[in-house]
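Here is the structure we will look at.
Remember, predicted model here, so these are calculated numbers, not experimental data. In the text below, chain A, chain B and the rest are named by the order of the sequence lines, each starting its count at 1.
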Amino acid sequence: MDLIDFFTNYTLRTITLGTAILGAICGMLGSFAVLRKQSLLGDAISHASLPGIALAFIITGVKDPNLILLGALISGLIGTFWIKGITKRTRLKSDTALGLILSLFFGLGILLLTFIQKMPNANQAGLDKYLFGQAATLVEQDVLIMASVTGVSLIVLLLFWKEFKLLLFDPDYTKTLGFNTRFLDILITFFIVLAIVLGLQTVGVILMSAMLLAPAAAARQWTNNLSTMIILASIFGALSGIFGTAISATQNNLSTGPVIVLIAASFVLISFAFSPSRGLIFREMRFRKNRKELHLKKTLTFMYRIAQNHDNISHPHAIRILNNFQGFTKKSLLKLENQELISLSGKQWALTKKGYEEAASINKKLGKSDD
Amino acid sequence: MIQKKYAIQIDDLTVAYNYKPVLWDIDLLIPEGVLMAVVGPNGAGKSTLIKAILGIIKPIAGSVKIFGKPYKKQVNKVAYVPQKGSVDWDFPTTSLDVVMMGTYGSLGWIKRPGSKEKKQALEALEKVGMLEFKNRQISQLSGGQQQRIFLARALVQNASIYLMDEPFQGVDATTEKAIINILKELRKAGKTLVVVHHDLQTVPEYFDWVTFLNVKGIASGQVKEIFNDNNLTKTYGINYKVAINK
Amino acid sequence: MTSAQLEIQIIAALVAMACAIPGTFLVLRKMAMISDAISHSILPGLVLGFFITNDLNSPFLILLAAITGVVTVVLVEFIQKTGLVKEDTAIGLVFPALFSIGVILIAKNANDVHLDIDAVLLGELAFAPFDRLEVNAIDIGPKSLWVIGTILLTTISLLLLFFKELKLSTFDKGLATTLGFSPLLLHYGLMTVSSITVVGAFDAVGAILVVALIIAPAATAYLLTDSLKKMLLISCFLGVFSAISGYWMANFLDASIAGSMTTMLGIIFLIVYLFAPKRGVFSVIYKEKHQRIEVSLLVFLLHLQNHVEIEERHVDHLQKHINWGKVKSKTILDLAQKNNLIKLSGNIVNLTEKGTEFTEEALRYITTNKETAIEDLKAKFFLFRG
């Protein structure tokens, strides 16, 4: 299959639309998870939904995607509340609780899946796709469900926007203003679980958490505004979904989940590196520039201390005497001259009036911070 | 029995964590219109007292009344300034946005802040001298500036009672002056202020009312009457002067 | 029982023990999720190693994959240090990306490589006995038995050698540093051991279930004991027990061995979580309820001692000011009366002599703030025994 097919093919359009919507809702709700410091909760929930998928099939005996989603939702919610119970009632910390639920539920799920494989009607199960996701199995009805859930969560988000924002920033304060924080908390958790469950068919149990985190983590780097962050995260999520599906559809033998995750991860990588305000590259550049300026300042104050011993501040001195001083280079001297802080002539330098005053004020500041 | 109307009336309040008492049988009457410091050593339960008044922490016994009614019915009469360290300052939002949050309580569920609320927030920012930083991301503010933002957020709540948890912690001298001036102004306007405070030396200068607390309530009253060696010793122990200067 | 069955059980038991030991320290150091990250992100290392050696049990492959595990830890810590995202987000970003690379590598080379996704997720414990190790053409047992045996022996020797250091750095990092043990060295040592164990166990139980073998026995043991030594022993025992019982369950259900082992661990954890004598949910709820009543009684007695005014000691005051409901007020009053601490004259409550003495002692306890003192106090006055 090549790329031209991709845009003309009806099935593929449906699938692409589905993954785009999924990416958007994950980016949106993932932003909440990231800001609430519950990044790994998504990982636990998605793994915890596996036994629900298997049990739904064992109990009903048919492979109805809606029933399977329901099973996943119930088992995901049980996992979530058990995690809360473990951290609240026992001495185990949240990381242990997450790891426990994640691995134990997943183990049970695997047991049930392998059990199903031996059942007489196993052929129609095809539950394997829930492990790594197979976007190709999305049909129009799935996309409709995704779209309506996204619509509902968007409405809820807009309706309670103010309350959610407050809760994310300062839960105690939210309580003192008279808002029911427990209600808000359950509402947010419910939608996060719902988004995860929706993504299982496309991205799979194992990698679903990345779908939640990566777009939000990337978006956070570009903005300091919550609504912009959520919009950006939705866009990043949708793009990861679209490109991921496109790439995996044009290749044989490739599950959608890993491809989508890698695309989302490259968004993160690019954002970490190139974001203008927080990115590592610009941060390093700023750091170097500051260090250079510090060097110039040091050189200048060194000169100032020499010049102080003379009546005429602009008395020329040999460059040679700076040799004892570590910070100076030809380049830094030229830079100082460019800034009209010193004047150079041959092998001599002299402070200008401007340079002297500048150095005096730096010296004063340095003296202060030394105290 | 005719009772004088108190801003906050605390009866037999006890908060315990397991068997460890944090607050024990506190009876406290806070008259309307005082600027009160709550002092006591570390672990005396000062923050817990504030949180128990606000209903953030559930007490094991006792009751708190705000102007004679439970807190839940008086939410809009009380403003809260939490400790600066209690929130994540890397949260993606601006100073103005945080101050606007103070209006959310009176707005109630779902209703959005409009131009009226924005005006209130800008006024509060101006009052605390932070107007020029209104669009600044909150992580880029200094400790003192963050504290001013929290104060401004409480100001827009337009409450009758202000509960503040260490508003002077980690702020520069200018900010401290600015904050105390605002607090004094609020008291002049008839508001009641309860401030958890660390620096005993400034108590007589800043406050007119004081409560000594060390798990149990030790004394509460006018600064000029009860701020003395006797109560300080009862609260901080015999070596209280050493303890303070540390 | 055939010899293959026996061998599978021995391998499973050894894997469980090898996982339980580093697991104990990871749980205590609040780093349980790191094992999740390692177990996923070693996959690309494993696949690359497999391309080169074509043998899942080759020492070179194990080394390469273990290095990937340590690199993951370093990468996570690097991202955390940049401060660009909150701490656990760093973990959540790194391992899915690396795992995805591994999965894609396998899928793209599916025709050339005999390594399939199921093996990655579930392990191939059932096939372990068929891959034999031969020395001089003499069969000396399954390869994976030797691999995991070596790893376990190394882990145990390291544990015995550095037990003191590990214990100290786990419970008191500051002290460990001042005593000259490098917490950093121990940290990366533990990470290396964990990585190697994960790689060794991977073959048997797969990527995700190895996490269960690491975390669950240790977490369960932590609900049963306070001593590190006992915790290590209990978690090893639980690991071995679930390995063997899991094997027979899988045999019975004709399902995945690794899945059954994990499910056994889950059942054990659930039982302990609910019924552990001191730290189980039921005993915690029971204890909390009792504690609330006991503390309430103390509050009440102190209140009586504090106030001489009649109206403060009226029975109604309990409900009105102390703000207790009717039932609670009655419980407390009854308890105090039963213990002979108060006397009722009409509706006014008075402390008895014993009550006064008790209250004074309790007050002393409150001011000194010693948590154990209350137990002595309770014993001394034969309180709260119904």
Given A:Leu254, A:Ile206, A:Ile260, A:Leu131, the one with more heavy-atom pairs under 4.5 angstrom with chain C than any other is A:Ile206
Output for pair (A:Ser275 OG, C:Leu84 CG), nearest 0.5 Å, gives 7.5 Å
>> Treating A:Arg283 as the side-chain partner and C:Thr82 as the backbone partner, does any N or O pair qualify as donor plus acceptor under 3.5 Å?
In response: yes
When the 4.5 angstrom heavy-atom criterion is applied to C:Met261 and chain A, the contacting part is neither
Of A:Leu92, A:Thr90, A:Leu112, the largest count of non-hydrogen pairs under 4.5 angstrom with chain C goes to A:Leu92
Looking only at A:Leu113, A:Leu35, A:Leu102, A:Val268, the option with the highest number of non-hydrogen pairs under 4.5 Å against chain C is A:Leu102
Residues, nucleotides or ligands: over 12 heavy atoms within 6.0 Å of A:Phe282 CZ:
yes
Most heavy-atom pairs under 4.5 Å with chain A, out of C:Ile285, C:Val94, C:Leu265, belong to C:Ile285
Heavy-atom nearest pair, A:Leu104 first then C:Ala212, reads CD2-CB, 4.3 Å
Closest non-hydrogen atoms of C:Ile104 and A:Pro258, given as atom of the first, atom of the second and distance, are CG1-CB, 3.8 Å
Minimal heavy-atom distance between A:Leu213 and C:Thr89, with the atoms involved, is CD1-O, 4.1 Å
Cut-off 4.5 Å, heavy atoms of chain A, and the answer for C:Tyr222 is both
Inspect the surroundings of CZ in A:Phe81 and state if more than 12 heavy atoms from other residues, nucleotides or ligands are less than 6.0 Å away.
yes
(message) If you count heavy atoms of other groups shown closer than 6.0 angstrom to CZ of A:Phe169, is the number above 12?
(response) yes
Self-check item: CA sep, side-chain torsions, deciding dist, call: C:Met33, A:Thr96, side chain to side chain contact (heavy atoms under 4.5 Å, CB included)
Solution: CA-CA 7 Å; C:Met33 281 308 272; A:Thr96 307; over 6 Å; no
Cut-off 4.5 Å, heavy atoms of chain A, and the answer for C:Leu253 is both
I want to check something: taking the side chain as every heavy atom from C-beta on, are C:Phe269 and A:Ile101 in contact at a cut-off of under 4.5 Å? no
Turns out that what part of C:Asp36 lies under 4.5 Å from chain A's heavy atoms comes down to side chain
Heavy-atom nearest pair, C:Val281 first then A:Arg89, reads CG2-CB, 4.1 Å
In this structure, OG of A:Ser103 is separated from CD1 of C:Ile215 (nearest 0.5 Å) by 5.5 Å
Interface check, chain C: of A:Leu280, A:Leu40, A:Ile110, A:Leu207, most non-hydrogen pairs under 4.5 Å belong to A:Leu40
So, the part of C:Leu28 with a heavy atom under 4.5 Å from chain A: the answer is neither
Okay, C:Lys30 and chain A: the region with an atom under 4.5 Å from a heavy atom over there is both
Minimal heavy-atom distance between C:Leu93 and A:Ala217, with the atoms involved, is CD1-CB, 3.8 Å
May I ask you to decide if the ring planes of C:Phe99 and A:Phe132 are parallel, tilted or perpendicular, using 30° and 60° as cut-offs?
parallel
| message | Can you confirm whether more than 12 heavy atoms, excluding those of A:Phe115, are under 6.0 Å from its CZ atom? | response | no
When the 4.5 angstrom heavy-atom criterion is applied to C:Val103 and chain A, the contacting part is side chain
Okay, A:Phe105 and chain C: the region with an atom under 4.5 Å from a heavy atom over there is neither
Practice prompt. Determine, for A:Arg91 against C:Asp226, whether the closest basic-nitrogen to carboxylate-oxygen distance falls under 4.0 angstrom.
Written response: yes
Bottom line for A:Lys93: the part with an atom under 4.5 Å from chain C's heavy atoms is side chain
Other residues, nucleotides, ligands: >12 heavy atoms within 6.0 Å of A:Arg286 CZ: yes
Looking only at heavy atoms, the pair that brings A:Leu262 and C:Ala97 closest together is CD2-O, 3.5 Å
**Report entry** Donor-acceptor pair between C:Ser256 and A:Thr114 side chains, under 3.5 angstrom
**Finding:** no
Do A:Phe106 and C:Thr262 have side chains that get closer than 4.5 Å, going by heavy atoms?
no
The interface call for C:Ala219 against chain A, heavy-atom contacts under 4.5 Å, is both
Applying a strict 4.5 Å limit to non-hydrogen atoms, the region of C:Val284 in contact with chain A is side chain
